[in-house]
Structures are given as C-alpha cells and as structure tokens.
Amino acid sequence: MEGWVYNTRSSGSVQFILLRDGTGLVQAVASRQSLSPESFALAKRLTHEASIRLRGRVREDARSPGGVELEVSDLELVGPSQDYPITLKEHGTAFLMEHRHLWLRSLRQTAILRVRATIVKAMRDYMDSQGFTLVDAPILTPAAVEGTTTLFPVEYFNETAYLSQSGQLYNEATCMALERVYCFGPAFRAEKSNTRRHLTELWMMEPEAAFFTYENNVRLQEGLICSIVEQVLTHRSRELEVLERNSDALRKVTAPFPRITYDDALQLLAEGGLELPWGEDLGAPQEAFLSCRYEKPVFLTHFPVACKAFYMKPDPHRPEVTLSADLLAPEGYGEIIGGSERIDSLELLEERIRQHNLPMEPYRWYLDLRRFGSVPHAGFGIGVERTVTWICGLEHIRESIPFPRMLEKMYP
RNA sequence: UGCCUGGUAGCUCAAUUGGCAGAGCGGCUGGCUGUUAACCAGCAUGUUCGAGGUUCGAGUCCUCGCCAGGCAGCCA
C-alpha cells in the first residue's frame, strides 16, 4: 500500500499507523518482532502526513478501527513531513482556509469532495437521460450584459472582455440548434457579497430547452433534484455519515415539491411577521423563513417583473409577474435554482432591453434568435456549490468547492 | 459597504476585570507488547496585530489603523 500517515500511536514495541490513501483510512500495525530494526525505527519516527509505502498481510482484528488491519512486514519512507500544521484537534476557520491545500486531506473535506463529484455526475447523467446535449458556453464574453459592476474585466488584446456570469444567453442560441441543451462550467460574479452563500467563482449547470414551457421547466427541476439526492443517498452514505448529515431529511426529498407564488409567499411572510411590500425582492431572512417552512425543496413562482431579469417571460394572464420558478432548498439553505420561461417575442424583448437601459448592439445576435424561428423556450441554472452545501449539510459555502474564491480572498 | 464580536506560543484558548503571560494540543527527548483524537515523564517555544495615548504600572482602558469571524446589504 502507498499513502500518507494520518496518525500514529505506539505501545512499546508495537507501533500503530493510521494510513490514509485515496480510498480511505486503514490501521497498519508495525511490531518489533516482524520488522527489521531499521524499519521498526522508521515506524517509530513517522510523522503526520509523511508518505510511505508498506507491504504486509491483511487480517481481521476486532481491536482495529474498521475491523481490519495491515500487519506490516516492510516499510519505506517516500517523502518526509516536518511540522505538519493541521492537527487532529480544533482549528479556526481563518487558519484552515490559509491551509486549504492541506485541509483538503482531512476526512471531512475528502467526504465533501466525493459527494460533490457524485452530485456533478448525477446532474450530467440526469440531463443526458432526458435527451439534453452538453454544449459548452464561452467563458470570455464580449460585452457587459447587465452592467459592469458585477463582472470581472480581463484584457483581451486591445479590448476588454468579461468573465461569464452565466451561459444562459448562449444556451438560448444552442437550444435552437439541438432543442435540449445544458452547459456546465464556472461562472464569475464580482459582487461585493460577503456571506456564507456567495462565491465569486462558482459552478453552474444550466439547461435550456426549446418548446419548453414554464410547467416543463418546473418538472425538469423536480426530476433533477430527486435524482441528485437519490444518487448521493445510494453512493455516498458513508460520506454523509462522516459529515454527520441527517440523511432522513434527504430521504424526504420526493416529487412533487410544494409551489408557492410570490403573492402567497408575501402572505405567509406577513403571518410570520416578515412583511414585505408587493414588488420587493425577498431578503435573506425572508428566504430563510420560507426555506425552513417545508421539509422538501419549495418552488417560489411568479415573481414580479421588476424583481427579475429582463428576458423572463411575463405571465399572459398577469403581465406584472413572470413565468419564473426558483427552487429553495429546505432546512434554511435557500435558493439553489433560478429559472423561467424566456421572452420569445422580438418586440417585447427589445422593449425590455430599452426599459433596463441596456445597449442594444451587444444583443444583436440574441435578438436574432427571435427573428429566425423563435419558439417558446425555458431553462434554469442550478448552483453546484449551493447544492453541495445543502446536501452535505454545511454551514458555509466555502467548504463546498476545493479552492473557494471569495471577496478579496484568493490564497491558496 | 454597514453593524456586532474578536486578534495572547505553531494551533485552540486562559489570564481574578489595571498588578509576576499560562494550560491543553502539536514539536522534541525518554518510557510503555494492542493503541483507538492512546497514555506517562521531561524539554523548548512570546514584538500579547500595529501606531499613538491615559497610568506608578496596560494583554486588559482610550483613539486611529490593519486583519479575521458572524450578521445584513448588494446579488440572473
């Protein structure tokens, strides 16, 4: 076996080595009897996170954590490790973040990384199973789509390019080619948000489908979430245990999810003492209130036009609200998905761009999509990190991604 | 960006509220023939975030700054 020393314990002429490798932990036992004097001396000198190669016999032993152990017959030091900074005791967040590159080796962090990988695979598998084609959207984009303050500018030869905030507009183009598409990739937001739910670099999966209505869109979200939760429960129960995640709460996540309209939400909030005037967007306390109210994820639908992006289609029966559906994760985790049916009329889209004081020129290609065989279409974006945070039961989004990028924090 | 809390050994924290800066962990040395974040004995470790001020005396009080954490705002 090859791996790293997670911890050592000794008892005279028996040395216990907790060995960590890419699959987990196992106890190795090095005894004076069965090793050369040099190897035994080495076993006694081993430090936290030294890398070693060892040979031995696997046997059952009830005294070993996990019930199995490796009786070492040969031991070799691959790389030494002096004064490893992270101990098995408590550390503060700032210290751990400063040592994120090493913190990732811990049991808890590796469990999160595995759950994250399973979530990403579940997302892609589900979309593929529903006839969607993965189509990548560009990261470098030409224009400030919705004002420059939330975009990261980058030098692009003699002009300025911006890191993409979302692949959605491009998805609207590709879904007119392949009908059902999704993009999967990073998105960048230069917002000065300093909260436990915001990153400046995040990953999103964004489906977009031609001929999809509001209702199709909601159903797709529901199916996706159920599939993700099911895959994690099936394949990552051990990791959820390491994370001390209450998996009963996850087992309750079954379709259909409750839906509440914006109007109903205001009513519920008022009853809870969190009144909000019609037309105002929900704040963090309001979102948390609604998120805690249900055991399942809950859809918030039909938000006022003023709260939402310019491209969202108004409800034909009530033009002051949109055909939007956002999904709030339960247990206070809040929004993980934002989506809607999109405007398919050229005239209305032009009007909205003007109303939002956006320049028309950068949207020329986007408007073309309404000139050449425009169809009803809908889509959404799901934040990978927010989903991981919820499913793993994390307190802060920073643990949901290997190297989080947050307001003014870029090291390591 | 605002509000709240904090900054003391490598780490996590204490220091009788203004009177000798200390403990656990980690490290090092030694002991222990089955350890379970092992245990036992010993050793080393400080610009108390920075600048200024009050005071006989400041880790402790005051002012400013820096940094961190939490909350909120901002947020397709």
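Quick note on labels: first sequence line is chain A, next is B, and so on, each numbered from 1.
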Sugar-phosphate, base or nothing in reach of A:S64, heavy atoms under 4.0 Å: base
Atom P, compared across B:C20 and B:A58: separation rounded to whole Å: 12 Å
Under 3.5 Å: donor-acceptor pair, side chain of A:R189, backbone of A:L199: no
Residues A:Q168 and A:E208: side-chain donor-acceptor under 3.5 angstrom: no
Sugar-phosphate only, base, or nothing, as touched by A:H396 at under 4.0 Å among non-hydrogen atoms: sugar-phosphate
Sugar-phosphate only, base, or nothing, as touched by A:R59 at under 4.0 Å among non-hydrogen atoms: base
SB check A:E385 A:R398 (cutoff 4.0 Å): no
Between B:G27 (C1') and A:E49 (CD): distance, integer Å: 16 Å
Whole angstrom value for the distance that separates C1' of B:C11 from NE2 of A:H99: 10 Å
Contacting residues from residues 171-186 of chain A, given that a heavy atom lies under 4.0 angstrom of RNA chain B: none
Close aromatic pair by centroid cut-off 6.0 Å: A:F310 and A:Y363: yes
Protein-nucleotide distance (A:L169, atom CG; B:A76, atom C1'), rounded to Å: 9 Å
Gap between atoms CD and C1', on A:E98 and B:G69 respectively (whole Å): 14 Å
Length of the CZ-P vector between A:R9 and B:C39, whole Å: 10 Å
Partner of A:R370 by salt bridge (charged side-chain N to carboxylate O under 4.0 Å, His left out), out of A:E350, A:E347, A:E172: A:E172
For nucleotides 42-49 of chain B, print each protein N/O atom paired with a nucleotide N/O atom at under 3.5 Å, atom names and distance only.
none

Complementary nucleotide of B:U54, counting Watson-Crick and G-U pairs under 3.5 Å: none
Atom pair distance, as rounded to whole Å: CG in A:L102 and C1' in B:C11: 14 Å
Contact list (N/O, under 3.5 angstrom) for nucleotides 65-68 of chain B vs protein:
none

Touch class at under 4.0 angstrom, heavy-atom based, for A:R398 against every strand present: sugar-phosphate
Set of salt bridge (charged side-chain N to carboxylate O under 4.0 Å, His left out) partners for A:R293, sequence neighbours left out: none
Distance-only donor-acceptor check, side chains A:R342 and A:S340, under 3.5 Å: yes
side-chain contact (heavy atoms from CB on, under 4.5 Å) assessment of A:D21 paired with A:E2: CA-CA 7 Å; A:D21 74 358; A:E2 293 165 322; over 6 Å; no
Among B:C11, B:C25, B:A76, the one nearest A:Y311 by side-chain distance: B:A76
Minimum-distance nucleotide (side-chain atoms of A:K89 versus B:U12, B:C25, B:A76): B:C25
Residue whose nearest RNA chain B nucleotide is more 5′ - A:K308 or A:M97: A:M97
Inter-nucleotide P distance (B:U17, B:A72), Å rounded: 36 Å
Trace of the side-chain contact (heavy atoms from CB on, under 4.5 Å) decision for A:L163 with A:I139: CA-CA 6 Å; A:L163 297 180; A:I139 304 298; 4.1 Å; yes
Step-by-step side-chain contact (heavy atoms from CB on, under 4.5 Å) determination, A:Q221 to A:F299: CA-CA 10 Å; A:Q221 292 185 40; A:F299 287 108; 3.2 Å; yes
Separation of B:U33 C1' from A:E71 CD (nearest whole Å): 13 Å
Pair A:Y84 and A:H99, ring centroids less than 6.0 Å apart: no
A:T87, nearest nucleotide to its side chain (from B:G26, B:G34, B:U35): B:G26
Under-4.0 Å salt bridge between A:R219 and A:E215: yes
Same-atom distance (P) from B:A68 to B:U54, integer angstrom: 31 Å
Nearest-nucleotide pick for A:F95, side chain only, options being B:U12, B:U33, B:G34: B:U12
Integer angstrom distance from the C1' of B:C3 to that of B:G59: 26 Å
Extract from the structure each pairing of a protein N or O with an N or O of nucleotides 72-74 of chain B at less than 3.5 Å, listing the distance.
from: B:G73; atom 1: OP1; to: A:A284; atom 2: N; distance (Å): 3.4
from: B:G73; atom 1: O6; to: A:N194; atom 2: N; distance (Å): 2.8
from: B:G73; atom 1: N1; to: A:K192; atom 2: O; distance (Å): 3.0
from: B:G73; atom 1: N2; to: A:K192; atom 2: O; distance (Å): 3.3
from: B:C74; atom 1: O2; to: A:S193; atom 2: OG; distance (Å): 2.7
from: B:C74; atom 1: N3; to: A:S193; atom 2: OG; distance (Å): 2.7

Rounded distance in Å between the C1' positions of B:C66 and B:G42: 41 Å
Side-chain ion pair, A:R20 and A:E49, N-O less than 4.0 Å: yes
5' priority, RNA chain B, between A:H48 and A:Q27 [closest heavy atom]: A:H48
For B:U54, glycosidic torsion class - syn if within 90° of 0, otherwise anti: anti
Aromatic contact, A:W103 with A:F95 (centres under 6.0 Å): no
P gap between B:A9 and B:U48, integer Å: 10 Å
Identity of whatever pairs with B:C3 - Watson-Crick or G-U, under 3.5 angstrom: B:G70
Closest contact, heavy atoms only, A:G332 versus A:S291: N-OG, 2.8 Å
Heavy atoms of other groups near A:Y156 OH, more than 12 under 6.0 Å: no
B:C43 pairs with, by Watson-Crick or G-U criteria that keep both distances under 3.5 Å: B:G27
Taking only nitrogen or oxygen atoms into account, show me every contact under 3.5 Å that the protein makes with nucleotides 29-32 of chain B, one pair per line with its distance.
from: B:C32; atom 1: N3; to: A:G12; atom 2: N; distance (Å): 3.1
from: B:C32; atom 1: N4; to: A:S10; atom 2: OG; distance (Å): 3.1

Selected nucleotide, minimal atom distance to A:E69 side chain, candidates B:A76, B:U12, B:U35: B:U35
Atom P, compared across B:A14 and B:G30: separation rounded to whole Å: 35 Å
Identified side chain to side chain donor-acceptor pair (under 3.5 Å) partner of A:E69 from the options A:Q27, A:R63, A:R57: A:Q27
Pairwise C1' distance, B:G6 and B:G53 [rounded to whole Å]: 22 Å
Polar contact flag, side-chain donor to acceptor under 3.5 angstrom, A:D136-A:Y170: no
Spacing between A:D281 atom CG and B:A76 atom P, to the nearest angstrom: 8 Å
Plane angle bin for A:F184 and A:W203 - parallel if under 30°, tilted between 30 and 60°, otherwise perpendicular: tilted
